[in-house]
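Quick notes on the structure that follows.
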Amino acid sequence: MPQSESSHTFQVDLRGLVDLLSHHLYSSPRVYLRELMQNAVDAITARQSLEPGATGAITVRAGDTLTVTDTGIGLSEADVHRFLATIGRSSKRTTDGALDGAGLDAARGDFIGQFGIGLLACFVVADEITVLSRSAADPSAPAVEWRGHSDGRYTIRTLPASAVPEPGTTVRLVPRADTAEWTQPERVVSLARHYGGLLRHQVTVVEPSGETHQVNEAPPWERGHRSPLARREALTAYCRDLFDFTPLDTIELDLPAAGLRGVAYVLPTAMSPAQRAGHRVHLKGMLLTDQAPQLLPDWAFFVRCVVDTTSLRPTASREALYEDGTLSAVRDALGERIRDWLTGLAASDPSLLHRFIDTHHLAVKALARYDDELLRIVLPWLPFETTDGNVTLEEFARKHPTVLVARSVEEFRQVAPIASAAGLGVVNGGYTYDRDLVHRLPEIRPGTAVTDLDPATVTAHLDAVDPAAELRAAAFLAVARDTVGAHDCDVVLRDFQPVTAPALLLDNREARHERTRSTLAADSDGLWADILGSLRRESPRAQLVLNHLNPLVRQAITITEQELAVTAAEALYGQALLLSRRPLRASESALLNRAFINLLTHAMHHSGTAAPGSEPRKEL
């Protein structure tokens, strides 16, 4: 039996579509004015393609009724049926991308809006839209009035030419009660200036009282200035007005191939790399978004940009940039421009470079890891935490031909006082990017040796104790090794400065990992314990280095009572743990508590016994 087939056309629920636009496509009802201004700009662009030299102007009248009038190409009755009554069809293109309606042969890229849904944004604030238009492409065509309703109905009627004296279009709407705020004069002036502040055509807002506001002007980078200083001051003033901060410096951006011009402003305060700045992007003068973090590379988080472009594509909502090859190329080119500014500071303005690095050293370190030229220029200027304080690597390397790098903040804090007294040069490599950068120092400073710090290196620079003194301390050291050995730590006796440090805990990441593995294996059973056991490896144990020059240690090594010797060893180990400033494990916290309690108990039970070397207490 033959099968039948029939063709049907989709039916559009306009109310549902408007709800979709207002709640999902557009971020706010305020975009209605942007869409109206955008359509007006495109209409003027089309007319100027048809009539070069034609004047372009947009007039917005605010109040209980809002109208937007343009001197653009206008629409004939046929255009109204074809474009205003067909959702998604744009008067700026046909299916092959060429211009339609006016019969022009201009490029699609000359226009801002290209999705054919702009007029629907008006239904977000109004239930009825009236369009009065007269075509400039067909002077003999009558004026036409299109009246559309949010439920999908529309009417069209022709009018005498006197109803619309000049070619162009006027859009009129009366807001609903719940959206009336969006057409009030103050709000309209603010929105028009926000979205259209850089438009090339004159945009005027007229209040019901007759007061007028011209809301747009040429950006400072396109104006003439009497001197470079005056230009710089104008760009800085624009930043204060736009972003409400005074920049550390201004970087002009000019990419003719991408039709992009603007300014990057260097932030005067530090900013987290994770908090990317939102950049202000205008498309042919119309504001596209003031939150475009993808405009610049991630590392350039220390600048905030305002640009105007002709080549970047908007998303359907025209509130963000479309990620494509053009945007990627522009991002790379802008990153190169900012990098050139940064590398040029070393030669042109060292004092500004110092101020910049003081504020944004983390950003520079992030960039220098991947940029050899920048590394060569700025690495000697970057501050690092060292045993000589916060100094530059250039200054540090002049004093220490061999630079030792601690791989964590904890390791650096453990050895810094002792290493400094011993004349060792140690850099804290535990902060983001620091270890990688310090290891690249020999590339720009030949003759400098850089190596990771090993606890054995520090121990080797500590003075050995006189054999006779070590023999006298042998009994206490044996007790201490048994006591502290339970925490995977050895005990040695050395002479070192400063005298005020009783003990030094030398630890490294491998030893800590091995202790963690051993603890997990002991607490596990079955297959998981076997797996952890198979990962066991020989690694250096931590070392508790007792300072023989310290009075507390000298007194501790004379202790002969077993329990007191254990308590003293635990107390010295606990004090060294605290000085390392790393988080304590539960067993280590328990050890500290036990040591203090035992010392207190011993002191209370022997309150009548004089301490060695002290005067006996006299009874009153």
Side-chain angles (χ1 to χ4, degrees), residues 18 21-44 56-70 72 112-113 115 117-131 169-219 238 241-244 278-292 306-308 314-320:
V18 170
L21 291 176
S22 61
H23 291 97
H24 300 283
L25 184 62
Y26 296 128
S27 61
S28 165
R30 67 179 183 169
V31 299
Y32 85 94
L33 187 59
R34 182 199 65 190
E35 296 293 332
L36 288 176
M37 294 170 60
Q38 191 164 274
N39 285 344
V41 170
D42 287 339
I44 293 171
I58 303 169
T59 303
V60 182
R61 296 184 180 275
D64 295 336
T65 298
L66 181 129
T67 64
V68 178
T69 302
D70 66 68
I112 302 173
F115 294 92
I117 58 175
L119 194 62
L120 287 180
C122 296
F123 285 124
V124 174
V125 296
D127 288 329
E128 181 180 293
I129 306 169
T130 301
V131 178
T169 300
T170 296
V171 179
R172 180 184 300 117
L173 58 88
V174 178
R176 296 188 302 273
D178 62 326
T179 59
E181 62 174 301
W182 297 105
T183 64
Q184 294 307 301
E186 286 188 8
R187 179 62 66 90
V188 171
V189 170
S190 175
L191 291 178
R193 186 170 285 125
H194 177 72
Y195 286 117
L198 298 188
L199 287 175
R200 276 67 166 173
H201 311 302
Q202 179 177 309
V203 181
T204 305
V205 178
V206 182
E207 296 192 29
S209 64
E211 183 180 356
T212 62
H213 306 267
Q214 184 170 341
V215 300
N216 62 320
E217 60 180 352
Y238 188 69
D241 292 341
L242 199 62
F243 297 130
D244 196 29
H279 307 294
R280 191 176 178 91
V281 179
H282 295 258
L283 181 60
K284 304 177 183 71
M286 181 70 73
L287 178 66
L288 183 67
T289 178
D290 55 6
Q291 297 294 325
V306 53
V307 300
D308 188 24
T315 57
S317 67
R318 292 190 284 280
E319 295 181 315

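In what follows, every heavy atom counts, from backbone to side chain, and hydrogens, waters and symmetry copies are set aside.
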_Rounded at 0.5 Å granularity, tell me how far NE2 in His282 sits from OH in Tyr195._
11.5 Å
*Flag the pair Val60 / Leu66 as yes when at least one side-chain heavy-atom distance between them is below 4.5 Å, and no otherwise.*
yes
_Leu173 and Thr130, any side-chain heavy atoms less than 4.5 Å apart_ = no
*Derivation and outcome, side chain to side chain contact (heavy atoms under 4.5 Å, CB included), residues Gln202 and Thr59*: CA-CA 8 Å; Gln202 179 177 309; Thr59 303; over 6 Å; no
*Output all residues satisfying side-chain contact (heavy atoms from CB on, under 4.5 Å) with Ser190, sequence neighbours left out; order by chain, then residue number.*
none
*Assess whether atom CG of Asp241 is packed by more than 12 heavy atoms of other residues, nucleotides or ligands within 6.0 Å.*
yes
_Just verifying a value: how many Å separate Leu287 CG and Leu191 CG, rounded to the nearest 0.5 Å?_
11.0 Å
*So which heavy atom on Gly196 is nearest to which on Met37, and how close?*
CA-CE, 3.7 Å
*What are the two closest non-hydrogen atoms of Arg30 and Trp182, and how far apart are they?*
CB-CZ3, 3.3 Å
*Inter- and intrachain pairs under salt bridge (charged side-chain N to carboxylate O under 4.0 Å, His left out), touching residues 182-197, at least two apart*: Glu181-Arg187
*Taking Asn216 for the side chain and Leu198 for the main chain, is one N or O donor matched with an acceptor at less than 3.5 Å?*
no
*What is the minimum heavy-atom distance between Pro208 and Gly63, and which atoms define it?*
CG-CA, 4.1 Å
*Do other residues, nucleotides or ligands put more than 12 heavy atoms under 6.0 Å from the CG atom of Asp244?*
no
*Can Leu199 and Met286 be said to form a side chain to side chain contact (heavy atoms under 4.5 Å, CB included), step by step?*
CA-CA 6 Å; Leu199 287 175; Met286 181 70 73; 3.9 Å; yes
*Of the non-hydrogen atoms in Val174 and Thr65, which two are nearest, and what is the gap between them?*
CG2-OG1, 3.7 Å
*asked:* With a 4.5 Å cut-off on side-chain heavy atoms, are Thr170 and Val68 touching?
replied: no
*asked:* Counting only heavy atoms from other residues, nucleotides and ligands, does the tally under 6.0 Å from CZ of Arg61 exceed 12?
replied: no
*Indicate the atoms forming the closest heavy-atom contact of Val189 with Val205, along with that distance.*
CG2-CG1, 3.6 Å
*In chain order, what residues pass the salt bridge (charged side-chain N to carboxylate O under 4.0 Å, His left out) check against Asp308, with sequence neighbours excluded?*
Arg200
_Residue pair His213, Glu207: steps toward the side chain to side chain contact (heavy atoms under 4.5 Å, CB included) verdict_ = CA-CA 8 Å; His213 306 267; Glu207 296 192 29; 2.7 Å; yes
